[in-house]
Amino acid sequence: MTAKVSYADVEVGTELPAASFPVTRATLVQYAGASGDFNPIHWNEKFAVGVGLPDVIAHGMFTMAEAIRVVTDWAGDPAAVVEYGVRFTKPVVVPDDETGALIEVSAKVAAKLDDDARTVRVDLTAMSAGQKVLGMSRAVVRLA
């Protein structure tokens, strides 16, 4: 696959389609099984509260992975992302109810980096419960 978005068609300030990603306790258990990260702060409310958290929290890497989906869906190819980094600023708290939590992600092209390599920097904003959960969330993307 290659990126479906053309470098020539993108301007600084181009907004990517925003997306929301639901997270439930079942989602966290599934992710723990896939990742091998069975830290009890991600599934055991008593333990999470006991170590000072407000409740069970989503895995940081899970949150990071959900956020980059906005970029990969827009670009049309996950391999178009050549760099990606974030700072974890707040946890995604996942209550034990029918709705769980919601990660809301928006993104925009912040810079056109290299005409020859057709790369752009995309800045992402990831929010949950009205709080920014990822800081300095940036991806370098190679476009068509």
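Note that the numbering runs from 1 along the sequence shown for the chain.
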Crowding at CZ, Arg25 (>12 non-hydrogen neighbours, <6.0 Å) =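 Yes - once you tally the heavy atoms of other residues, nucleotides and ligands closer than 6.0 Å, there are more than 12.
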Taking all atoms of both residues into account, what is the closest heavy-atom pair of [X] and [Y], and its distance?
| X | Y | value |
| --- | --- | --- |
| Phe47 | Asn44 | N-OD1, 2.9 Å |
| Val94 | Gly100 | CG1-CA, 4.3 Å |
| Ala58 | Val23 | CB-CG1, 4.4 Å |
| Ala3 | Ala144 | O-CB, 3.3 Å |
| Ala32 | Phe38 | O-CZ, 3.4 Å |

Any link between [X] and [Y] through a network of hydrophobic side chains (Ile, Leu, Val, Met, Phe, Trp, Tyr) touching at under 4.5 Å?
| X | Y | value |
| --- | --- | --- |
| Val5 | Tyr7 | yes |
| Leu16 | Met127 | no |
| Val109 | Val86 | yes |
| Val10 | Val70 | yes |
| Val93 | Val51 | yes |

Rounded to the nearest 0.5 Å, what's the gap from [atom1] on [X] to [atom2] on [Y]? Could you check?
| X | Y | atom1 | atom2 | result |
| --- | --- | --- | --- | --- |
| Met64 | Ile103 | CE | CD1 | 12.5 Å |
| Lys90 | Ile57 | NZ | CD1 | 12.5 Å |
| Leu124 | Arg69 | CG | CZ | 13.0 Å |
| Leu102 | Ser128 | CG | OG | 7.0 Å |
| Thr63 | Ile68 | OG1 | CD1 | 13.5 Å |
| Leu143 | Thr2 | CG | OG1 | 10.5 Å |

Are [X] and [Y] close enough that some pair of their side-chain heavy atoms sits under 4.5 Å apart?
| X | Y | result |
| --- | --- | --- |
| Phe88 | Met61 | yes |
| Leu134 | Arg87 | no |
| Leu28 | His59 | yes |
| Val141 | Thr72 | no |

Working for side-chain contact (heavy atoms from CB on, under 4.5 Å), residues Val122 and Trp74 = CA-CA 11 Å; Val122 176; Trp74 169 73; 4.2 Å; yes
Using the ring of each side chain (for Trp, its six-membered ring), is Tyr31 parallel, tilted or perpendicular to Phe62, with breaks at 30° and 60°?
->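 Tyr31 vs Phe62 ring planes: perpendicular.
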With sequence neighbours excluded, give me every salt bridge (Lys or Arg N to Asp or Glu O under 4.0 Å) pair touching residues 100-121.
->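 Every pair satisfying salt bridge (Lys or Arg N to Asp or Glu O under 4.0 Å) with a residue in residues 100-121: Arg121-Asp123.
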Between the side chain of Thr89 and the main-chain N/O of Lys132, is any donor-acceptor distance below 3.5 Å?
->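 Checked: pair present.
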Verify side-chain contact (heavy atoms from CB on, under 4.5 Å) between Asp96 and Val56, making sure each step is shown before the conclusion.
-> CA-CA 8 Å; Asp96 190 12; Val56 165; over 6 Å; no
Can you sort out the partners of Ala65 under side-chain contact (heavy atoms from CB on, under 4.5 Å), two or more places apart, ordered by chain and number?
->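 Partners of Ala65 by the side-chain contact (heavy atoms from CB on, under 4.5 Å) criterion come out as none, since no residue qualifies.
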